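Have a look at the structure below before the remarks.
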Number of protein chains: 2
Amino acid sequence: MAKVDLARRAEIGREKRARTRAQIVEAGATLLGGRTNEAITVDAVVEAAGVAKGTFYYHFKSIGELAAAVGAGLSQSFDELLTPARLERPDPVDRLSFAFIKFLEKASADTDWARLVIQSSQSPIEFGMGVRANLKADIEEAIAQGRVSVRDVELAADIAIGIWLEVTRGIIERGPRPGTTGQALDATLRALGLSQR
Amino acid sequence: MAKVDLARRAEIGREKRARTRAQIVEAGATLLGGRTNEAITVDAVVEAAGVAKGTFYYHFKSIGELAAAVGAGLSQSFDELLTPARLERPDPVDRLSFAFIKFLEKASADTDWARLVIQSSQSPIEFGMGVRANLKADIEEAIAQGRVSVRDVELAADIAIGIWLEVTRGIIERGPRPGTTGQALDATLRALGLSQR
DNA sequence: TGTCAAAACGACTATATCGTCAATATGAGA
DNA sequence: TCTCATATTGACGATATAGTCGTTTTGACA
């Protein structure tokens, strides 16, 4: 009777499910990044993803849940950009500088990604917090070493994040310019009052 | 026959019109500042303003037109904050510093205003452009005097605006802290590589 | 090739929001 | 008090979007 392997069936299901789900998440990311101010609709998402409406609700309970999934993907892209190089850098300022440059290069190369980050930065609910936590840890370490003139960690984080976000907006708006990345980093380090090691 | 003064009638109308219109604009400003991500609705505006739906459409063609009116009011508040003091300051760095401090103080004192500015900064369509133009003029003058190490005016503007916006977000999020305003200004001047006169 | 559980579909109802318009209210001056 | 141009009202039909659900398709495996 039990001739079918139910576990295998479920696995197949999971794989197919993952493909379609990825389509929807990608469409959602594009729409979320490109919106001006009005909210995105389920109809717009399913049209962009090329799936039926029922399929959307099979995968997500609401647009909010989709947005959360997009945010999770964004978090992952940040981690992938950073994690490998973080461990091998003992100096907090090196880590901070590396991340700053890396993110800015990514934004220059992938405008859609940049738009999405900018949009997501509006709601600091979950995604931006991880990045900020890393940044704050680096700054705190540098402060402890007496190398930062801005004493308030939160303020220092705001300064670095603010410069990064607005420079990224500039790249989106006016395109990447040679030298911008390095100059932006230098400006940020000066702003924090960082003395070289 | 012509016993009524038509011009006077029209004036009365204009006054009453202005009052109701102001109510709607104020409600719109609150909603636009407080929104998370979904678009605001006409129904929400009329409820907040305490007027009927028809009244909204009597004054505005759409939500977009209301948003434009709110943006115009915001522009005006910036000008009022600045203009009187701008003319009597010959030094561009003084002007820039004054504006930076003034805006930050205003944001600390009036959180609703700050929220609205943050939200409006997303769409650099018209409102933010005036502020940016002033800022760029000041920076350009300082660059011409050889006092700024960041040579790209657009980048310099992005840096100053970025710091201001994110510090303002911090104030909204975590409340104003003593010393933040001055430290943020110092950091901005360092970021731009400004040497004192 | 047939089976079947998971996945996808899309038509449908419910609800929200838009935008209109005929009717009513307002209020300064005659 | 009456007039009337202007402003305000809110019910209404039109449209857009949300969310449901019975039906159909898919595809690995027996």
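Quick note on labels: first sequence line is chain A, next is B, and so on, each numbered from 1. Since the structure is predicted, the reported quantities are computational estimates derived from the model, not experimental observations. For the numbers below, each heavy atom of this structure counts, side chains included, while hydrogens, waters and symmetry mates do not.
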Checklist line | Residues B/R115 and B/D110 bridged, charged N to O under 4.0 Å | finding: no
What's the [atom1]-[atom2] distance between [X] and [N], to the nearest Å?
| X | N | atom1 | atom2 | value |
| --- | --- | --- | --- | --- |
| A/Y57 | D/dT23 | OH | P | 22 Å |
| B/I63 | C/dA16 | CD1 | C1' | 14 Å |
| A/E47 | D/dA16 | CD | C1' | 14 Å |
| B/Y58 | C/dA22 | OH | P | 16 Å |
| A/E38 | C/dA16 | CD | P | 20 Å |
| A/H59 | C/dA6 | NE2 | C1' | 10 Å |
| B/I40 | C/dA16 | CD1 | C1' | 16 Å |
| A/K61 | D/dT20 | NZ | C1' | 15 Å |

Notebook entry, point to check: In terms of ring plane angle, is the pair B/F103 and B/F78 parallel, tilted or perpendicular, where the classes change at 30° and 60°?
Noted result: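 The arrangement is perpendicular - the two ring planes meet at more than 60°.
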Show the atom names and distances, to 0.1 Å, of all donor-acceptor pairs under 3.5 Å that link a side chain in residues 47-56 of chain B to residues at least two apart or in another chain.
unit_1	atom_1	unit_2	atom_2	d
B/K53	NZ	B/D43	OD1	3.2

Note to self: Could you see if B/M129 belongs to whatever hydrophobic cluster contains B/L116? Use Ile, Leu, Val, Met, Phe, Trp, Tyr and a side-chain cutoff under 4.5 Å.
What the structure shows: no
Check: Of all heavy-atom pairs between B/A142 and B/V93, which one has the smallest distance, and what is that distance?
Finding: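 Distance-wise, the nearest heavy atoms are CB-CG2, 4.2 Å.
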Notebook entry, point to check: Which atoms form the tightest heavy-atom contact between A/S77 and A/L74, and what is the distance?
Noted result: OG-O, 2.7 Å
Item checked: Footprint string (nucleotides 10-15 of chain C, 5' to 3'): B base within contact, S backbone only, - free, heavy atoms under 4.0 Å -> B-----
Notebook entry, point to check: Starting at the 5' end of DNA chain D and moving along, which residue's nearest nucleotide shows up first, A/A44 or B/G50?
Noted result: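 By nearest-heavy-atom nucleotide position, the 5'-most residue is B/G50.
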